[in-house]
Structures are given as structure tokens and as C-alpha cells.
Amino acid sequence: MSAPKPSEITPEPLYRRRREFLKQSIGIGLFAATGKASALVLPRGPFPRRDEADGEKVTPWKYATTYNNFYEFGTDKEDPAENARRLRTDSWSVTVEGECERPGTLALEDLVRPHALEERIYRLRCVEGWSMVIPWLGFPLAALIKRFRPTSKAKYVVFETLYDPEQMPGQRWPILEWPYVEGLRMDEALHPLTILAVGMYGKVLPNQNGAPLRLVVPWKYGFKSIKSIVRIRFQERQPVTTWMRAAPREYGFYANVNPHVDHPRWSQKKERRIGEFFKRDTLMFNGYAEEVAHLYRGMDLGKYF
Amino acid sequence: MRGKAALFLLCLLPAGWLLFAALTDRLGANPIEAVTRGTGDWALRFLLITLAITPLARLTGWRSLIGYRRLFGLYAFFYASLHLLCYLWLDQFFDWAEIGHDLLERPFITLGMLSWAMLVPLAATSNRRMMRRMGRRWKHLHRTIYLIAPLAVVHFFLLVKADWREPLLYLLVTVALLGMRIPVVRARRRQPAH
């Protein structure tokens with residue numbers, strides 16, 4: 001392939017303006033009604049799509065962006081859509097550390113750029129008994145993990161959300177122990193269904209949905225899918241996650257969706273899909289049993305809930 | 001009398017708003033949860049308003065306030081009944097086996113139902129005829145509200161995941177309203193200020 005002629009190269013100022021224009025058009029066009037969104041600039045689609053929700057109807061954007069559990073921005077479902085405007089996602093960086101050969105702090109763009117984005121339509125089941133179907137944009141966590149060469153001691157992957165009470169007013173109250181911490185066993189983290197998302201519904205992530213980078217683990221209750229990640233750590237010991245710390249009797253490390261194991265205070269047999277009147281039966285591993293059940297073979301899921 | 005009619009309509013406003021909002025898609029992504037929470041909130045609020053009437057009448061010397069107490073009490077029962085109906089219908093769809101299981105296994109359901117059940121005899125004996133017929137026993141029976149209010153607050157506490165601030169506020173109000181009824185506290189208030 002020959003080098004481009006000088007006349008074909010876009011002058012840098014113009015190139016920069018184009019990026020700005022793209023950012024602004026995304027900002028104005030899509031988020032006037034629902035607050036701010038990730039500053040990340042997505043490559044142009046279309047993205048390869050994988051429907052992992054058996055053709056079920058996708059939850060309306062309006063609901064997915066106004067009904068959120070993101071306690072960093074308040075504990076009412078409508079709070080994050082309102083308060084997450086304060087979050088600044090430009091110049092975001094992520095630190096990767098612990099048991100790996102290539103630790104370091106990377107700008108979000110550098111972290112994401114090597115990966116081809118794809119759309120994954122997943123069911124999302126909250127521990128509170130409601131569910132949605134969301135088309136995420138992201139890439140397999142496994143691909144990212146491999147870049148950092150975890151050592152043989154890396155048995156778990158731990159994630160941390162940003163801690164900054166200025167941007168996250170919910171953190172001014174000790175409702176949970178901040179920053180929010182979540183974790184996965186290495187085989188769960190490497191599972192092809194586990195992704196890091198930077199967008200949804202073909203757009204960048206709205207702040208209230210975990211911009212600019214979040215985890216999505218579709219066979220676990222929603223609180224495992226940590227939002228606004230700034231730190232990823234490989235370690236040998238199983239971490240104590242935020243909800244385990246808050247209520248160890250109620251939230252375990254695994255938190256796999258399981259209709260046979262009730263939350264101590266409510267049943268998990270059924271769920272209400274957002275937008276529907278009647279409840280539906282909750283599926284084992286949220287309907288992903290075929291793909292993930294082998295990870296837990298021989299484990300007592302009532303004990304390791 | 002006009003005042004009472006106006007108050008009667010005013011107390012219906014929260015129910016009216018919930019109905020209107022539900023029919024016009026103003027309750028967000030999970031309207032059933034919003035209606036369940038809304039009716040529960042108002043049941044508790046009317047319970048506390050009812051409890052506030054006597055101390056308020058005593059403090060302000062506005063004796064005719066007592067005449068409104070029954071109305072507030074009946075509205076507490078009305079909203080508690082709607083709240084229960086939300087659970088039985090919209091949450092469980094009258095699956096009695098599951099409801100029975102909840103009643104035995106889940107303390108917050110047990111307490112919620114218990115608070116509602118304890119309101120039933122109060123609502124049933126709220127008319128003047130029953131008041132006359134029961135005499136002193138009427139007063140004893142209606143004092144169970146001192147137990148119902150804290151039970152309802154505990155019911156709220158038990159369903160919260162991590163943010164205790166709202167039920168805590170209700171607890172403080174309940175404790176204050178009940179505290180004003182302790183004879184020692186009342187006696188001190190009655191003493192001249194100088």
C-alpha cells in the first residue's frame with residue numbers, strides 16, 4: 001500500500017475540530033433529555049451484533065436511563081439521571097495493578113482502542129426483582145486481561161469505581177463503604193459473556209449508566225456489574241465486595257441469578273421486566289445456564305450465593 | 001362542616017395523583033413499584049398525622065382539632081389497605097401459597113400485614129355509636145395505635161437495602177409523638193413557664 005498523498009491528509013486542526021464536532025453532536029442530539037454522557041468518542045458503527053437475549057424486546061432507552069441503581073449519585077432510582085451530570089469523564093484513566101506482568105495507568109482511549117467494539121444484547125436482572133434487556137457496546141473482558149499478562153497468582157480480578165464526593169454527591173454519606181468494590185473469579189472474568197461496556201443502544205454510555213467504562217456480567221445480579229471503573233487489580237485472595245461488607249448475610253461474592261436461592265428478605269423466583277405488567281419466572285443464571293453452569297459444577301450454590 | 005369536606009377531599013389528593021400519574025405514564029420505569037411505595041408512604045404519614053393531633057391540640061389550645069382525628073385515622077387505614085392490595089394483587093397476583101410463605105418467612109411482610117390487621121378493629125369502631133357502646137374499652141382499643149405506628153416504621157426499616165435515612169426520619173417523628181404522651185413529659189409541659 002502506498003503512502004497517502006499530502007493532499008489527502010486531513011490537516012490536524014480540521015481533524016481536531018471534527019472530533020469536537022462529533023462530541024458535540026452526540027452531546028446535543030442524544031442527551032438533552034437524559035443528562036450527560038461519556039466523553040469517549042466511539043468509532044463509527046455499525047458494530048457486529050450478538051443477541052444473547054433470545055430475541056426479547058429491548059427495554060426502551062427512556063427507562064434504561066432513568067431507572068438506575070447507582071448509589072454514588074443518590075439512592076432513589078431517578079437520582080442518578082439527575083445527579084450524574086456532575087461526573088467528568090474526559091481525561092479518564094484506569095489503573096491496572098497487582099499480580100500481572102504489565103501493570104500501569106492508561107488513558108481510557110488507550111485502554112479501549114485496541115479492542116473491536118461489538119453489540120451484545122443481554123438480560124439484566126437486579127437483585128431487587130426487576131429486569132431489563134439492554135444492547136451494550138463493548139468488548140470481552142478476557143481480551144483486555146490478556147494484555148496485562150496476569151501471573152499464576154492472579155486468581156481474582158477486583159474492580160473499583162471512582163471515589164470523588166465532588167463529582168459523586170452520594171459518596172458524602174456513608175451509605176455504603178466507598179469506593180464501590182466488585183470482583184470476579186478469574187474464570188468468570190475470562191468467560192466470553194463477560195464484557196466491559198463503553199456504550200449502549202449504539203451510543204456512548206450515559207453517565208448514570210456507568211460512563212465511561214463499566215462491567216457487564218449478565219448471569220449475575222446487576223450489582224456485580226460495577227460502573228465508572230478506575231481500577232482493575234489482579235489478586236490471589238477473594239476480595240470482600242461492597243455489598244458483602246454492607247450485609248454479609250444477604251449478598252455473597254458470587255451473586256449468580258438463582259430462582260432457587262431467595263434473598264433473605266424477598267423471593268427471587270419471579271421478576272418484573274420493566275415495561276410489563278405481569279411478572280415472569282426468573283431463569284437459572286438469568287437464562288445463561290448453558291454457557292456458565294460448568295463454572296460452578298460441584299459447588300453448593302445455596303452456600304456460595 | 002365545610003372545613004371537614006375540604007379536608008376529606010384534600011386527603012384524597014395523593015391517591016388521585018397516583019391514579020392520574022399511573023394512567024398518564026408519569027410514574028417512571030416501574031409504575032407498580034411507585035404506586036406500592038406511594039400508598040405505603042401515605043399510610044405511614046396519615047398514621048403519624050393522626051398521632052400528632054392530640055399533642056398539637058394540647059400545645060396550641062386548638063381543641064376543635066380533635067374533631068379531625070378520626071378522618072386522618074380512617075385515611076391511614078384507607079392508604080394502608082391500598083398498599084396491602086398492591087402487594088396482594090400487583091406483586092403476588094393473589095398467589096395465596098406464595099403470600100402465606102411470605103407471611104411466615106419474611107419479617108417485613110409479617111409486620112406490614114400485622115400493622116394493617118391491627119388497624120381493622122380501629123376503623124371498624126370509629127363511629128360514634130361504637131364509641132358510646134364500648135365506653136372505656138374503646139379508649140383502650142384505640143390506644144393500640146401507639147403500637148401500630150412503630151410496627152409500621154420497623155416494616156419500613158426492614159425493606160430498605162442500605163439507605164436508612166428516610167425510615168430514620170419516620171422513626172424520630174414517631175418517637176417524638178409517643179414521647180409527648182409519657183406522663184412525666186406531659187406533666188413538665190403543664191407547669192407554668194416561670
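Protein chains get the first letters and strands the later ones, always in sequence-line order, with residue 1 at the start of each. All figures in this text were calculated on a predicted structure; none of them were measured in a lab.
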**Q** Is it the backbone or the side chain of A/Pro264 that comes under 4.5 Å from a heavy atom of chain B, or both, or neither?
**A**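 Backbone only.
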**Q** With only heavy atoms counted, which part of B/Glu98 is less than 4.5 Å from chain A, the side chain, the backbone, both or neither?
**A** side chain
**Q** Tell me whether the count of non-hydrogen atoms from other residues, nucleotides or ligands lying under 6.0 Å of CH2 in B/Trp89 goes above 12.
**A**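 No, not enclosed.
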**Q** Using heavy-atom distances under 4.5 Å, tell me whether A/Asn68 contacts chain B through its side chain, its backbone, both, or neither.
**A** neither
**Q** Between A/Tyr71 and B/Asp163, does any side-chain donor sit less than 3.5 Å from a side-chain acceptor?
**A**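 No, because no side-chain N or O of A/Tyr71 sits under 3.5 Å from a partner of the opposite role on B/Asp163.
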**Q** So what's closer than 4.5 Å to chain B heavy atoms on A/Tyr251: side chain, backbone, both or neither?
**A** side chain
**Q** Has B/Arg133 got more than 12 heavy atoms of other residues, nucleotides or ligands less than 6.0 Å from its CZ?
**A**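 12 or below, so no.
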**Q** Give the ring-plane orientation class for A/Phe278 versus B/Phe93, where under 30° counts as parallel, over 60° as perpendicular and anything between as tilted.
**A**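 Rings of A/Phe278 and B/Phe93: tilted, 30 to 60°.
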**Q** If you look at every heavy atom in B/Lys161 and A/Arg265, which pair is closest and at what distance?
**A** CA-NH2, 3.9 Å
**Q** Under a 4.5 Å cut-off applied to non-hydrogen side-chain atoms, are A/Ile175 and B/Trp164 in contact?
**A** no
**Q** Please say whether the positively charged group of B/Arg106, taken as NZ for Lys or CZ for Arg, lies over the ring of A/Trp266, i.e. under 6.0 angstrom from the six-membered ring centre and within 45 degrees of the axis.
**A** no
**Q** Go through the atoms of A/Thr59 and report whether side chain, backbone, both or neither lie under 4.5 Å from a heavy atom of chain B.
**A**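 It is neither, since no heavy atom gets under 4.5 Å.
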**Q** CZ of A/Arg249: more than 12 outside heavy atoms within 6.0 angstrom?
**A**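 Incorrect, the count does not exceed 12.
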**Q** Mind listing the closest non-hydrogen atom pair of B/Ala162 and A/Leu176 along with its distance?
**A**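 The pair with the smallest heavy-atom distance is CB-CD2, 4.1 Å.
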**Q** Sort by residue number and list every member of residues 268-275 of chain A having a non-hydrogen atom under 4.5 Å from chain B.
**A** A/Lys269, A/Arg272, A/Ile274, A/Gly275
**Q** Tell me, yes or no, whether the heavy-atom count around B/Arg181 atom CZ, taken from other residues, nucleotides or ligands under 6.0 Å, exceeds 12.
**A** yes
**Q** If you count heavy-atom pairs under 4.5 Å with chain A, which of B/Asp102, B/Leu90, B/Asn30, B/Ile109 comes out on top?
**A** B/Asn30
**Q** Report, as yes or no, whether the 6.0 Å neighbourhood of atom CZ on B/Arg165 holds more than 12 heavy atoms from other residues, nucleotides or ligands.
**A** yes
**Q** Using non-hydrogen atoms and a 4.5 Å limit, figure out which bit of A/Glu128 sits close to chain B: side chain, backbone, both or neither.
**A** side chain
**Q** I'd like to know if the side chain of A/Lys279 and the backbone of B/Asp91 have a donor-acceptor N/O pair within less than 3.5 Å.
**A**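 Between the backbone of B/Asp91 and the side chain of A/Lys279 there is a qualifying donor-acceptor contact (under 3.5 Å).
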